[in-house]
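See below for the structure under consideration.
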There are 2 protein chains.
Amino acid sequence: MPRLSEGNHLAVANPLPKDAASELDPSRCPVRDVLDHIGNKWTALILLTLQAQAQRFSELHRAIPDISKRMLTQSLRELERDGLIERRVYPTKPPSVEYRLSSLGESIMVPLLGLVEWAERHHADIRQARVYFDGARDSEPA
Amino acid sequence: MPRLSEGNHLAVANPLPKDAASELDPSRCPVRDVLDHIGNKWTALILLTLQAQAQRFSELHRAIPDISKRMLTQSLRELERDGLIERRVYPTKPPSVEYRLSSLGESIMVPLLGLVEWAERHHADIRQARVYFDGARDSEPA
DNA sequence: CAAAAGTGGTCTCTATCATAGACCTACCCT
DNA sequence: AGGGTAGGTCTATGATAGAGACCACTTTTG
């Protein structure tokens with residue numbers, strides 16, 4: 001049967017909604033751009049920590065002990081570059097650096113906290129699903 | 001300087017017991033567990049694609065052309081293991097496999113779509129912030 | 001029959017990236 | 001002068017993502 005006679009590079013044969021199609025293009029897909037960043041293992045964690053209050057580098061490091069300084073620096077730079085946090089240097093005796101959410105950063109907290117809430121509410125379900133999945137694999141009949 | 005309580009870490013909502021060790025353990029932190037997964041570059045994209053409609057392996061691959069089969073398989077397994085999607089094998093002539101959101105998977109779409117909406121709404125701000133950040137480095141005023 | 005093509009993957013190789021942790025400069029305290 | 005804190009940078013290394021070959025099975029086509 002003649003399927004996909006069209007030569008489109010996207011090759012979407014289904015009448016998918018427009019938002020699904022736009023997500024295919026990484027260069028102009030906001031979702032991928034944003035999600036790739038906040039999904040970066042540490043970024044969301046940093047945002048959530050800063051949401052409580054502005055914090056200094058070392059405070060952040062203590063709050064998230066299992067991040068390396070290098071990754072903390074890198075993640076903070078990225079968040080700063082994206083305008084989600086602000087970096088303020090105070091010319092104190094040893095110059096202290098404070099990181100705080102920008103207004104843009106605060107605005108992302110709303111959906112992000114929604115996800116956090118979901119995670120807390122359904123984490124047990126996920127763990128249970130994993131146990132079942134792994135168990136079913138083990139006792140899979142031949 | 002304001003001393004941050006050591007147990008702050010993400011548990012903004014709950015009063016944290018002195019058992020800070022449990023917070024350090026990523027496998028026990030629902031937020032990290034969940035975010036690490038849905039932030040995994042492809043997983044959120046797959047969920048969003050499946051949200052439109054249940055799809056087969058090849059359909060998914062066509063819908064997300066720039067994922068390799070290997071990563072698609074791996075991501076689908078992970079999502080299945082976490083109970084977010086269901087894998088149904090139909091014993092057709094060439095056995096066809098259909099992936100669809102589970103009820104748990106549908107429930108995560110609510111906060112996830114919130115994040116998507118945020119991303120679409122603020123993507124311009126982010127890009128602008130990046131331009132400013134990168135430009136400010138070059139033309140740093142004295 | 002033989003070849004092609006589609007479905008649902010697995011396997012291997014390689015380039016990239018994150019991580020740990022050593023190191024560094026500057027300042028303060030004792 | 002030794003040690004501690006602050007805010008990082010640098011490097012070696014292990015894990016990981018990505019590309020693409022390969023596989024078993026089946027239907028279609030010549």
Side-chain angles (χ1 to χ4, degrees), chain A residues 1-5 9 11 13-14 24 26 32 35-46 49-50 54-81 85-100 137 140, chain B residues 1-4 6 24-26 32 35-46 49-50 54-81 85-100 137:
Chain A
M1 74 183 72
R3 295 188 60 205
L4 291 176
S5 47
H9 60 292
N14 331 24
L24 298 181
R32 296 176 72 155
L35 242 51
D36 279 1
H37 279 206
I38 74 108
N40 224 18
K41 178 169 187 178
W42 299 116
T43 32
L45 219 50
I46 292 172
T49 306
L50 286 182
Q55 295 192 46
R56 299 169 56 180
F57 186 88
S58 311
E59 288 172 336
L60 276 169
H61 201 197
R62 277 191 292 269
I64 311 172
D66 54 342
I67 190 178
S68 66
K69 286 175 167 186
R70 184 188 185 277
M71 289 315 294
L72 182 54
T73 302
Q74 183 175 310
S75 304
L76 288 170
R77 285 291 168 285
E78 210 167 298
L79 284 169
E80 188 195 357
R81 189 172 102 100
I85 65 174
E86 290 174 22
R87 181 179 185 270
R88 298 189 183 177
V89 183
Y90 296 102
T92 50
K93 355 174 188 182
S96 59
V97 180
E98 190 182 73
Y99 294 93
R100 64 175 60 221
R137 298 231 126 190
E140 191 80 27
Chain B
M1 64 187 83
R3 214 48 178 197
L4 184 65
E6 296 286 350
L24 301 184
D25 187 356
R32 298 177 69 156
L35 276 170
D36 278 2
H37 279 205
I38 73 108
N40 225 19
K41 179 170 188 179
W42 299 115
T43 31
L45 216 50
I46 291 171
T49 305
L50 286 181
Q55 295 193 45
R56 304 179 40 187
F57 185 88
S58 312
E59 288 172 338
L60 275 169
H61 200 197
R62 278 191 290 267
I64 311 172
D66 54 341
I67 190 179
S68 66
K69 285 175 163 189
R70 184 187 181 277
M71 290 314 294
L72 181 54
T73 302
Q74 185 175 307
S75 305
L76 287 170
R77 285 289 169 286
E78 211 166 296
L79 284 169
E80 188 195 357
R81 189 172 104 99
I85 65 174
E86 289 174 22
R87 180 180 185 269
R88 298 189 182 175
V89 182
Y90 296 102
T92 49
K93 350 165 191 185
S96 59
V97 181
E98 190 183 73
Y99 295 93
R100 62 176 61 221
R137 305 226 120 194

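Residue numbering restarts at 1 for every chain, and letters A, B, ... go by the order of the sequence lines.
For Arg70(B) against dT16(D), no side-chain N or O and base N or O form a donor-acceptor pair under 3.5 Å. Arg56(A) contributes no side-chain N or O that forms a donor-acceptor pair with the base of dT5(D) under 3.5 Å.
With rounding to whole Å, His61(B) atom NE2 is found 11 Å from dG20(D) atom C1'. Taking atom CD1 on Ile46(B) and atom P on dA17(D), their separation rounds to 12 Å, with Å as the unit. Asn40(B) places its CG atom 10 Å from the P atom of dT16(D), with the value rounded to the nearest Å. At whole-Å resolution of the value, CZ in Arg88(A) and C1' in dG7(D) are 18 Å apart. To the nearest angstrom, P of dC17(C) lies 17 Å from CD1 of Ile67(A). Computed from coordinates, the Trp42(B) CH2 to dA17(D) P distance equals 11 Å when rounded to whole Å. Atom pair Arg77(A):CZ and dT9(D):C1' shows a separation of 11 Å (rounding to whole Å applied). Here the P atom of nucleotide dT7(C) and the OH atom of Tyr90(B) are 16 Å apart, to the nearest Å.
Closest approach to the Lys69(A) side chain among dA18(C), dC23(C), dG9(C) is made by dC23(C) (side chain taken as heavy atoms from C-beta onward). Which of dA18(C), dT7(C), dG8(D) sits closest to the side chain of Met71(A) comes down to dA18(C). With dG9(C), dT7(C), dG8(D) as the candidates, the nucleotide lying closest to the side chain of Arg62(B) is dT7(C).
Ser96(A) comes within 4.0 angstrom of the backbone, heavy atoms only, and of no base. Residue-level contact check: Thr73(B) touches the bases, meaning some heavy atom is under 4.0 Å from a base atom.
Between the CG atom in Leu76(B) and the NE2 atom in His61(B) there is a gap of 10.5 Å [rounded to 0.5 Å]. Between the CG atom in Leu60(A) and the CD atom in Glu98(A) there is a gap of 10.0 Å [rounded to 0.5 Å].
Distances shorter than 4.0 Å separate some side-chain N or O of Lys41(A) from OP1 or OP2 on dT19(C).
Arg100(B) places none of its side-chain heavy atoms less than 4.5 Å from the side chain of Leu50(B). Asp66(A) places a side-chain heavy atom less than 4.5 Å from the side chain of Trp42(A). Looking only at side-chain heavy atoms (C-beta outward), Gln74(B) and Arg77(B) stay at 4.5 Å or farther from each other.
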